[in-house]
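Hydrogens, waters and symmetry mates play no part in the numbers below; they use all other heavy atoms, side chains included. On a predicted model such as this, the values are computed, not experimentally measured, just so you know. Both ligands and their constituent atoms are indexed starting at 1 by order of listing.
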Amino acid sequence: MKVGFIGVGNMGGPMCRNIVKRSNHQVSVFDLNAAAVKTCTDLGATAAKSIADVTRGADVVMTSLPMPRDVEAVTLGDDGILANIGKGQTYIDLSTNAPSMVKKIGAAMAAKGIAMLDAPVSGGTVGAEAATIAIMVGGDKKVFDDALPVLQSFSANVIHMGELGTGTVAKLVNNMMAFCNAAAAAEGLMLGVTAGLDPQKLIQVVSSSSGNSNAFKSFSERALSGRLEPSFALNLAYKDLHLALELGDELGVPLPQGSSTHNLQRLARGMGHGPNDSSAILKVYESALGRTVKR
Ligand code: NAD
């Protein structure tokens with residue numbers, strides 16, 4: 001198949017490179033960041049000059065972009081995907097998008113006879129590199145079945161959730177739970193080290209006890225190293241949690257843990273940590289208490 005890939009950053013980059021490395025699909029790439037494009041063309045992908053260029057002739061066009069407004073601009077904007085895509089081609093959004101935006105873009109595509117899948121992913125940059133990420137997909141089952149050979153080239157862990165938008169809802173639920181776990185980890189680690197515990201021993205205990213989680217694993221590694229460069233930027237995590245809370249509002253579902261975690265993220269952003277890793281929520285506690293988890 002011919003694959004057009006738009007947005008090859010922290011997540012799109014490894015997913016795109018895995019398609020190149022692990023399949024015979026021909027991949028063409030577009031990103032505003034030339035260095036990001038080069039990481040894919042070095043392995044055999046072709047660099048496209050524009051969204052129009054990457055869209056025309058591809059069987060499947062995929063996006064992995066930061067914000068819903070970015071996906072909107074790239075799909076529905078001037079000379080975007082919609083303006084250049086034709087019958088028989090499929091559009092797949094791998095971004096964590098707003099369910100309402102997924103539906104808006106899906107309706108615009110459908111009006112032109114184009115099928116769309118929402119296929120957000122989870123597992124972080126480590127999972128994206130290792131091709132083990134969960135890909136949760138919404139959209140027509142036949143379109144999903146036809147797209148499987150491309151999706152499975154960057155992870156075997158592909159789940160069809162239901163109609164268009166359901167992949168995105170699953171992703172927002174998952175991420176809300178992961179961020180709440182990370183916020184609990186920040187509180188727990190600060191309590192333990194303030195009481196005088198060795199952070200490494202505390203992390204060793206929790207890792208094999210009932211307080212453990214996937215979020216704790218990556219969060220505690222960051223807490224011990226003090227590293228802040230983004231694997232998953234706080235600004236993106238804040239966006240995801242905002243979207244989950246918006247959905248809760250819409251459906252009348254109370255989300256007290258999600259709301260308090262969102263406020264914690266807001267404090268960390270207020271301290272200037274938006275572009276840093278989402279684990280920077282720990283800095284709120286560390287600066288308030290004048291001590292770090294890292295010794
Ligand atoms: P990123 O900022 O690292 O990458 C986004 C890429 O999109 C960048 O290379 C940027 O140059 C490119 N881009 C932005 N606007 C563009 C445009 N108009 N045209 C072409 N390229 C454009 O972000 P990321 O961490 O890779 O996240 C991408 C999506 O995946 C987000 O929706 C995020 O919420 C989601 N996600 C991220 C992670 C993670 O761990 N980083 C995990 C799961 C899901």
- Task: Could you point out which residue of I81, I105, N97 forms a side-chain contact (heavy atoms from CB on, under 4.5 Å) with T63?
- Result: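 Of the listed options, the one satisfying the test is I81.
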
- Check the surroundings of atom CG in N157: do more than 12 heavy atoms from other residues, nucleotides or ligands lie under 6.0 Å from it?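 For N157, atom CG is crowded (more than 12 foreign heavy atoms under 6.0 Å).
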
- Query: Rounded to the nearest 0.5 Å, what separation is found between the OG atom of S155 and the CZ atom of R22?
  - Reply: 7.5 Å

For ligand 1, what N or O to protein N or O distances fall under 3.5 Å?
residue  : atom   : partner : partner atom : Å
ligand 1 : 3 (O)  : N10     : N            : 2.9
ligand 1 : 3 (O)  : N10     : ND2          : 3.3
ligand 1 : 9 (O)  : D31     : OD1          : 3.2
ligand 1 : 9 (O)  : D31     : OD2          : 2.8
ligand 1 : 11 (O) : D31     : OD1          : 2.6
ligand 1 : 21 (N) : L32     : N            : 3.4
ligand 1 : 26 (O) : N10     : N            : 3.2
ligand 1 : 26 (O) : M11     : N            : 2.8
ligand 1 : 32 (O) : L65     : O            : 2.8
ligand 1 : 32 (O) : P66     : O            : 3.2
ligand 1 : 32 (O) : T96     : N            : 3.0
ligand 1 : 32 (O) : K239    : NZ           : 3.2
ligand 1 : 34 (O) : K239    : NZ           : 2.9
ligand 1 : 41 (N) : S231    : O            : 2.9

- So which heavy atom on M161 is nearest to which on A170, and how close?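 Here M161 and A170 meet closest at CE-CB, 3.9 Å.
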
- Item | Exercise: identify the closest heavy-atom pair between T292 and V193 | O-CG2, 4.4 Å

- For Q257, the side chain to side chain donor-acceptor pair (under 3.5 Å) test, sequence neighbours excluded, returns none

